[in-house]
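Single-structure report; data block below.
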Amino acid sequence: MEKETRVRFAPSPTGFPHVGNMRTALFNWLFARHCGGKFVVRIEDTDQTRLVKGAVEAILDGLGWLGLDWDEGPGVGGPYGPYFQSQRLELYQEIADRLVRQGDAYYCYCSPERLAAMRAEQERLKLPPGYDRHCRNLDPEEEARYIAQGITPVVRMKVPTDGETTFHDLIRGNVTFKNATLDDFVLLKSDHYPTYHLANVVDDWSMKISHVLRAEEWLSSTPRHLLIYKALGFEPPEFAHLPMILGPDRSKLSKRHGAVSIIEYKEKGYLPQAMFNFLALLGWSVDDKTEVIPREDIINSFSLERVSKTAAIFNIEKLNWMNGVYVRQLSLDEFTKVALPFLEKGLSPQVGRPLDMSYVRRVLPLVQERAKLLSDIPELASFFFVDDLDYDVGLLLSGKNITLSQALKILEVSYRQLVELDDFSEESLEKVLRPLALALGLKTGDLFGLLRVAITGRTATPPLFKTMSVLGKDRCLKRIQRAIGNLESM
RNA sequence: GCCCCCAUCGUCUAGUGGCCCAGGACACCGGCCUUUCAAGCCGGUAACAGCGAUUCGAAUUCGCUUGGGGGCACCA
């Protein structure tokens with residue numbers, strides 16, 4: 001029987017879910033779903049000093065938001081748990097002991113101060129930094145002396161000083177490291193927690209992970225992991241190192257590049273479908289032209305062969321465009337559902353709540369094709385809700401062909417015509433206003449432009465008749481009246 | 001400094017020796033549509049880092065150079 005495909009996403013809760021991490025999660029998830037394998041989430045909380053409160057929840061929220069469901073892990077359990085490394089300490093300690101007993105690892109009593117001094121010296125001499133193996137071959141007396149001092153040792157891997165470690169990366173091909181360039185890295189810290197290297201190997205093995213898909217930043221620690229697998233006699237998984245996601249300055253994406261947490265994108269009004277699609281295309285492609293592609297199709301066509309080797313810059317412009325595409329694809333019901341929270345939150349407190357839903361449902365279609373982000377919506381729609389339009393009166397005269405007195409006259413005539421109009425539908429309005437332009441000897445654009453400003457306070461809005469029809473006769477007349485007043489007091 | 005990875009338009013990418021004086025998308029610039037905006041449509045600017053080698057033929061293979069990135073913690 002073929003070995004089951006099992007992949008994992010193993011975030012450490014030391015911060016919020018970074019888009020780079022989420023892309024890694026996504027690729028793992030896609031790989032599992034494509035192969036009909038399992039997607040495991042494991043929390044790597046072995047650094048007690050850097051734990052961030054709420055980070056686990058935020059990470060899981062991020063996964064949930066993108067629709068990346070996990071088969072084993074926090075909340076769902078599974079046969080290889082626990083899925084928090086802090087709950088598996090004994091396992092790592094046992095393995096570390098075993099490595100020491102076998103002679104593949106050793107206790108190191110060096111103080112942080114000594115290590116720092118050593119590093120400083122190495123830097124001064126322009127030597128590659130790395131542990132100098134001071135404790136690798138301690139004589140028993142010396143070791144006894146350290147123990148007597150009550151020093152809690154760390155456990156270090158006894159890395160072979162010669163030979164090479166080679167592995168086949170599914171994306172990059174064969175990669176070889178000389179063992180001599182590796183130092184004796186720490187396996188178990190003095191607080192008895194494992195380092196990433198140990199915990200990661202032990203867990204990937206004990207959780208029967210078949211493929212490790214992780215970011216390229218891990219490439220150079222892979223030989224260390226392989227050395228541990230070898231010492232333990234474990235068969236290593238397959239490795240695939242995904243290209244990095246970089247900021248616009250080509251450096252590793254970080255907070256100084258702006259929004260970096262997936263949660264921030266959610267809050268700014270990106271749609272998860274759009275983010276999913278966009279992230280899938282960062283480092284992977286279907287063919288030479290497909291951009292917008294449904295989730296199911298991405299799963300079906302996903303393969304590591306089409307993952308690129310080159311680091312990618314996070315191109316927010318393209319994400320924005322793609323989000324707009326997905327926003328426009330939404331049905332009115334769907335759009336209403338996702339837009340409402342943004343409207344509630346972003347509309348001025350002056351606007352009465354709760355919002356009139358039947359009115360909202362008439363406004364929203366006019367906004368939908370103009371919004372790139374859901375957070376654009378309150379601004380795009382505010383004039384539908386606010387009673388007192390706050391605009392620069394000069395805008396009323398922004399049409400270059402109209403003088404103040406003309407504008408006044410036009411508004412007055414328009415007002416008189418509209419008062420008479422009972423049916424305020426788009427068609428009916430058009431039937432009145434187009435002829436009016438002709439009658440006044442105006443270009444339609446000049447008349448409609450003036451009315452637009454009077455009625456909305458803006459020069460760019462959804463189509464005028466639609467807008468007026470949604471606003472209703474009352475509001476439109478009041479606003480025209482008010483515009484007349486504004487002009488008179490100029 | 002040492003080790004590893006990478007190298008096609010500004011950006012994301014297609015391209016696995018002839019189909020490529022390099023295709024798509026975003027952005028940008030024109031035009032059309034049009035009551036403004038948006039959307040849509042049409043068109044345009046724009047790239048194989050350099051040098052050698054292999055080959056009848058290289059974006060595609062190899063080498064070197066250059067450039068970029070990542071790693072070198074009792075962090076992950």
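Every chain is numbered from 1 and lettered A, B, ... according to where its sequence line falls, protein lines coming before strand lines. Computed from a prediction, not measured in an experiment: that's the story for all the values here.
Salt-bridge annotation for R42(A) and D204(A): present, with a side-chain N of the basic residue lying under 4.0 Å from a carboxylate O of the acidic one.
Nucleotides G40(B) and C26(B) are separated by 8 Å at their P atoms, to the nearest Å. As rounded to the nearest Å, A53(B) and A58(B) have C1' atoms that lie 12 Å from one another. Annotation: C37(B) and C5(B) have their C1' atoms spaced 47 Å apart (nearest Å). Nucleotides A49(B) and G67(B) are separated by 15 Å at their P atoms, to the nearest Å. With both ends at atom P, the span from C6(B) to U13(B) equals 15 Å, rounded to whole Å. Distance check on atom P: A47(B) versus A59(B) gives 15 Å, rounded to whole Å. A distance of about 15 Å separates the P atoms of C19(B) and G57(B), rounded to the whole Å.
Residue-level contact check: G283(A) touches the backbone only, with heavy atoms under 4.0 Å from sugar-phosphate atoms and none from bases. Within 4.0 Å (heavy atoms only), E216(A) reaches at least one base atom of the nucleic acid. At a threshold of 4.0 angstrom between heavy atoms, the contacts of T176(A) are confined to the sugar-phosphate backbone, with no base atom among them. Among the protein residues, R452(A) comes within range of the nucleic acid bases, having at least one heavy atom under 4.0 Å from a base atom. Residue-level contact check: Y193(A) touches neither bases nor backbone, having no heavy atom under 4.0 Å from any strand. R306(A) comes within 4.0 angstrom of sugar-phosphate atoms only, judged by non-hydrogen atoms across all strands, and of no base. Here K189(A) lies in heavy-atom contact (under 4.0 Å) with a base. Base contact: V154(A) has a heavy atom under 4.0 Å from a base atom. Heavy atoms of K289(A) sit under 4.0 angstrom from primed sugar atoms or phosphate atoms, though from no base atom. Contacts of S251(A) with the nucleic acid, taken as non-hydrogen atoms under 4.0 Å apart, involve only primed sugar atoms and P, OP1 or OP2. Nucleic acid contact class of K372(A) (heavy atoms, under 4.0 Å, all strands): sugar-phosphate only. If you check every strand for non-hydrogen atoms under 4.0 Å, C110(A) touches a base. Within 4.0 Å of T46(A), counting heavy atoms only, lie sugar-phosphate atoms of the nucleic acid but no base atom.
In this structure, F185(A) has its ring center no closer than 6.0 Å to that of H225(A).
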Let me see the working for E44(A) and Y196(A) under side chain to side chain donor-acceptor pair (under 3.5 Å), right down to the final yes or no. CA-CA 8 Å; E44(A) 309 223 325; Y196(A) 170 82; 5.0 Å; no

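Within residues 10-21 of chain A, the residues approached by RNA chain B to less than 4.0 Å at the level of any non-hydrogen atom are S12(A), in residue-number order.
Nucleotides of RNA chain B with any atom under 4.0 Å from a heavy atom of chain A span, from 5' to 3', G1(B) to A76(B).
Across all strands shown, the partner of C72(B) is G1(B), judged by Watson-Crick or G-U wobble contacts whose two distances both fall under 3.5 Å.
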